Asks: 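Before I ask anything, here is the structure I am working with.
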Amino acid sequence: MLHFTLEDAQWQEDWSNLLSLANQPGSSLEQLHIFALAHILRRPIIVYGVKYVKSFRGEDIGYARFEGYTLYLYM
């Protein structure tokens, strides 16, 4: 309806950012990774995000920047 499209340069920049994040050890998965996994497995995936990151002792060590549930569906 809005005729919105991204330029090829923007697609390339976004893709390179996702690849650089995926190459960092210990980094969390991005939405694209979960979405692709849902398509590969052909199953819905529910992601639960907590408000605070906890240590192995159960102490709050930081704010997670996201919380709640997200449902990724395959088509």
Side-chain angles (χ1 to χ4, degrees):
M1 288 176 83
L2 298 175
H3 305 291
F4 175 77
T5 58
L6 289 176
E7 299 291 326
D8 287 341
Q10 180 67 40
W11 284 110
Q12 290 296 329
E13 181 182 339
D14 289 348
W15 183 248
S16 64
N17 286 339
L18 285 172
L19 289 178
S20 68
L21 288 172
N23 287 329
Q24 295 176 2
S27 64
S28 62
L29 294 175
E30 293 289 321
Q31 292 178 355
L32 179 65
H33 298 113
I34 306 297
F35 183 73
L37 186 61
H39 281 271
I40 291 168
L41 297 176
R42 307 187 105 225
R43 297 282 184 264
I45 296 176
I46 299 173
V47 177
Y48 173 68
V50 295
K51 188 172 186 175
Y52 297 103
V53 178
K54 297 188 180 283
S55 71
F56 67 95
R57 292 184 212 113
E59 303 163 337
D60 293 340
I61 58 173
Y63 187 66
R65 298 183 313 212
F66 60 89
E67 64 179 312
Y69 298 95
T70 305
L71 176 63
Y72 293 87
L73 299 173
Y74 67 96
M75 295 188 206

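These figures come from a predicted structure and were not determined experimentally. Numbers for residues simply follow the sequence, beginning at 1.
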Asks: Throw together a table of side-chain donor-acceptor distances under 3.5 angstrom for residues 1-13, partners on residues two or more places apart or in other chains.
Replies:
{"residue": "Gln10", "atom": "NE2", "partner": "Asp14", "partner atom": "OD1", "Å": "2.9"}
{"residue": "Gln10", "atom": "NE2", "partner": "Asp14", "partner atom": "OD2", "Å": "3.3"}

Asks: With Asp60, which residues qualify under side-chain hydrogen bond (donor to acceptor under 3.5 Å, both in side chains), at least two apart?
Replies: Lys54
Asks: Which residues end up grouped with Val53 if you chain together Ile, Leu, Val, Met, Phe, Trp and Tyr wherever their side-chain heavy atoms are less than 4.5 Å apart?
Replies: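 Ile61, listed by chain and number.
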